[in-house]
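Heads up, the thing below is written out as structure tokens.
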Amino acid sequence: MASLVCVGTGIGLAGQISVRAKSHIEHADIVFSLMPDGFAQRYIEGLNANVVNLQQFYAQGDEIKNRRLTYEQMTQAMVEAAQSGRRVVGAFYGHPGVFACVPHMAIRRCTALGIEAWMEPGISAEDCLWADLGIDPAQSGHQSFEASQFMFFRHQPAPCCHLLLWQIALAGENTLTRFHTSRDRLQVLVKQLSQWYPLEHEVVLYEAAFLPVHEPRICRLALKDLPDAEMDPATTLLVPPAQKLEHNLEVLAMLGLTPADLA
Ligand code: SAM
């Protein structure tokens with residue numbers, strides 16, 4: 001019976017995929033995959049003989065192609081396969097629903113067509129980040145934004161929380177055709193962040209290991225040095241808190257409490 005399930009395969013090759021996600025891939029009529037490298041792609045191809053690599057929809061060679069068109073073509077390929085009555089799996093690295101629009105669009109479109117469609121979660125880059133950096137985000141709370149959206153819109157970071165900026169290597173890139181940002185754009189981001197954080201504030205460029213033989217990349221640097229830092233499409237920026245949590249005395253009073261009651 002026609003169906004679409006979008007599964008996450010985790011970040012670390014082969015070891016972070018759930019039992020359910022693996023089983024869906026093994027039993028699918030057709031699998032559409034978006035993996036970070038050839039090793040992960042071959043791993044998926046080892047689980048199912050009928051795998052279509054979605055990377056083919058990105059600009060090839062010198063081609064200039066808007067990523068909106070790429071995402072539409074990826075979505076359409078999965079939806080058409082489901083419309084033809086097959087059991088379709090979309091296998092996406094990390095978590096298929098975290099900073100990934102194609103699985104959401106494909107599930108919505110299939111559901112509207114009356115085709116059963118759902119998502120199975122996966123281990124995201126963010127999950128790896130908390131583990132590798134030894135941070136419990138509950139200590140102060142955290143905020144997460146796509147870096148360009150953070151720049152283009154009036155988001156308000158709370159400098160007492162952890163702040164994650166995804167796709168930092170594309171920060172301020174508005175054409176959706178390039179795969180990197182520029183030093184000037186990163187300088188604008190530094191200026192923007194300096195409204196809330198000192199220029200000397202330590203930030204972290206983080207890359208979780210895709211292969212079990214690799215270590216994560218954890219690069220600590222001053223905020224002001226961000227424009228000259230090395231980063232690639234798999235880099236996430238963590239801005240740790242610059243201020244302590246402040247008691248909300250009004251709410252505490254309404255609860256009949258004082259800061260001493262929280263000790
Ligand atoms: N769905 C993915 C997930 O669950 O992690 C995220 C995909 S999003 C399109 C791509 C962004 O995720 C990157 O620009 C980066 O911010 C983050 N990312 C992907 N792989 C990463 C890795 N190995 N380490 C750290 N961040 C990563």
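Residues forming a side chain to side chain donor-acceptor pair (under 3.5 Å) with D232 (at least two apart in sequence, or on another chain): T235. Remark: E120 pairs with R20 by the salt bridge (Lys or Arg N to Asp or Glu O under 4.0 Å) rule, at least two apart or across chains. By the side chain to side chain donor-acceptor pair (under 3.5 Å) test, D184 pairs with no residue at all, sequence neighbours left out. For Y206, the side chain to side chain donor-acceptor pair (under 3.5 Å) partners two or more places apart in sequence, or in a different chain, are D132. Under the side-chain contact (heavy atoms from CB on, under 4.5 Å) criterion, A131 pairs with no residue, sequence neighbours left out. Judged as a salt bridge (Lys or Arg N to Asp or Glu O under 4.0 Å), and not counting sequence neighbours, the contacts of D29 are R87. With sequence neighbours left out, R86 forms a side chain to side chain donor-acceptor pair (under 3.5 Å) with S84.
Within the structure, side chain to side chain donor-acceptor pair (under 3.5 Å) contacts touching residues 48-61 (residues at least two apart or in different chains) do not occur. Listed by first and then second residue, the side chain to side chain donor-acceptor pair (under 3.5 Å) pairs involving residues 163-172 are S144-W166, E146-Q167 (not counting sequence neighbours). The list of side chain to side chain donor-acceptor pair (under 3.5 Å) pairs with a residue in residues 239-248, not counting sequence neighbours, is empty.
Residue H95 holds its NE2 atom at 11.5 Å from CD1 of I11, rounded to the nearest 0.5 Å. Atom CG in L4 sits 8.5 Å away from atom CD1 in I115 (nearest 0.5 Å).
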Going through the distances and angles, do K65 and Q73 end up as a side chain to side chain donor-acceptor pair (under 3.5 Å)?
CA-CA 12 Å; K65 182 172 181 182; Q73 289 173 336; 2.7 Å; yes

side-chain contact (heavy atoms from CB on, under 4.5 Å) evaluation trace for I17 with Y43
CA-CA 11 Å; I17 186 169; Y43 169 71; 3.6 Å; yes

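Classified by interplanar angle (parallel below 30°, tilted 30° to 60°, perpendicular above 60°), the ring pair H155/F150 is parallel.
With F57 as the aromatic partner, R67 does not meet the cation-pi criteria of under 6.0 angstrom to the ring centre and within 45 degrees of the ring axis.
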Pairs of donor and acceptor atoms involving the side chains of residues 193-202, under 3.5 Å and at least two apart or interchain, shall be tabulated with distances.
residue	atom	partner	partner atom	Å
S194	OG	K191	O	2.6
Q195	NE2	Q192	O	2.9
H201	NE2	P240	O	2.7

Please output the side-chain donor-acceptor pairs of residues 96-108 that fall under 3.5 Å, not counting sequence neighbours, one pair per line with the distance.
residue	atom	partner	partner atom	Å
H104	NE2	G97	O	2.9

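Between the side chains of E126 and H142, a donor-acceptor pair is found at a separation under 3.5 Å.
Shown are L47, L34, I25; of these, the side-chain contact (heavy atoms from CB on, under 4.5 Å) with T9 is made only by I25.
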